[in-house]
Amino acid sequence: MTDLTKGKVYDRVAMTWVEPREYASRKAEMEERAFMRGSNQGQLSAPMIITDGMKPVQSMTNGKTYDSKSAIRAEYKRAGVVEVGNDVPKEKPKVDWKAESKKRKASIGKALSYAGFGA
């Protein structure tokens, strides 16, 4: 410790040496901010519950109306339908495996050549 830091405390947040009283004040302020009342503190909290019920929906497979998620999903499964959300389905890119294999072999050969193992 130097004479400038003697009797002082290092504040890691501010990255400076401060007087012990100042450090205690800063620490108390930070703790107060950390434990401030949130918008829902003091209110009852409950776990999220996902129910099986929903607004009636007409099935595209048989025309019947369903108000149960499990029932309509069972119908979709029976009919072999894939249920999707709002996302647009993406097709997987076609891969030319022969070309990829050639590239991979060339890359390995180049690496071995640099290492002194190739021809």
Side-chain angles (χ1 to χ4, degrees):
M1 267 194 188
T2 64
D3 290 334
L4 295 174
T5 60
K6 193 171 189 177
K8 294 187 177 183
V9 180
Y10 188 72
D11 185 354
R12 291 183 293 158
V13 176
M15 294 188 288
T16 61
W17 291 91
V18 294
E19 295 293 330
R21 279 186 172 175
E22 176 67 21
Y23 180 76
S25 170
R26 290 180 182 187
K27 187 174 178 182
E29 184 181 335
M30 285 193 324
E31 287 177 0
E32 181 65 29
R33 270 193 251 145
F35 294 106
M36 284 175 111
R37 292 179 64 101
S39 61
N40 65 344
Q41 192 170 356
Q43 298 176 2
L44 291 175
S45 296
M48 295 287 288
I49 298 173
I50 300 173
T51 61
D52 188 51
M54 64 180 189
K55 293 179 184 175
V57 176
Q58 185 178 9
S59 171
M60 300 300 279
T61 58
N62 62 6
K64 291 183 181 177
T65 303
Y66 293 92
D67 60 354
S68 166
K69 293 176 191 174
S70 60
I72 197 164
R73 286 189 177 133
E75 167 57 26
Y76 287 158
K77 188 174 183 178
R78 183 201 62 76
V81 175
V82 177
E83 184 178 4
V84 295
N86 295 336
D87 297 338
V88 178
K90 296 179 182 175
E91 289 186 24
K92 292 184 179 178
K94 305 273 186 204
V95 179
D96 182 7
W97 292 109
K98 287 185 180 179
E100 289 295 318
S101 179
K102 286 181 183 178
K103 286 181 190 176
R104 197 173 296 118
K105 285 179 183 176
S107 178
I108 292 170
K110 190 175 180 181
L112 289 173
S113 178
Y114 281 141
F117 295 109

Atom pair [atom1]/[atom2] of [X] and [Y] - distance to nearest 0.5 Å:
X	Y	atom1	atom2	answer
E19	D11	CD	CG	12.5 Å
S101	D96	OG	CG	10.0 Å
R104	W97	CZ	CH2	7.0 Å

Under a 4.5 Å cut-off applied to non-hydrogen side-chain atoms, are [X] and [Y] in contact?
X	Y	answer
D67	K55	no
V13	M30	yes
E75	R78	yes

>> Please tell me whether M54 and Y76 are part of a single hydrophobic cluster in this structure, the criterion being side-chain heavy atoms less than 4.5 Å apart.
In response: yes

> If two hydrophobic side chains count as joined below 4.5 Å and joins carry through other members, does W17 share a cluster with M15?
Replying inline: yes

Over all atoms of both residues, closest heavy-atom pair of [X] and [Y]:
X	Y	answer
T16	R26	OG1-NH1, 4.0 Å
Y23	Y10	CE1-O, 3.9 Å
Q58	G63	NE2-O, 3.2 Å
P56	T65	CB-CG2, 3.6 Å
N62	K64	OD1-N, 3.0 Å
T61	A79	CG2-CB, 3.7 Å

>> Would I72 and V57 count as a side-chain contact (heavy atoms from CB on, under 4.5 Å) here? Give the steps.
In response: CA-CA 9 Å; I72 197 164; V57 176; 4.2 Å; yes

>> Apply side chain to side chain donor-acceptor pair (under 3.5 Å) to residues D52 and S70 and explain how you reach the verdict.
In response: CA-CA 7 Å; D52 188 51; S70 60; 3.1 Å; yes

>> Does atom NZ (K69) have a neighbourhood of more than 12 heavy atoms from anything else shown, all under 6.0 Å?
In response: yes

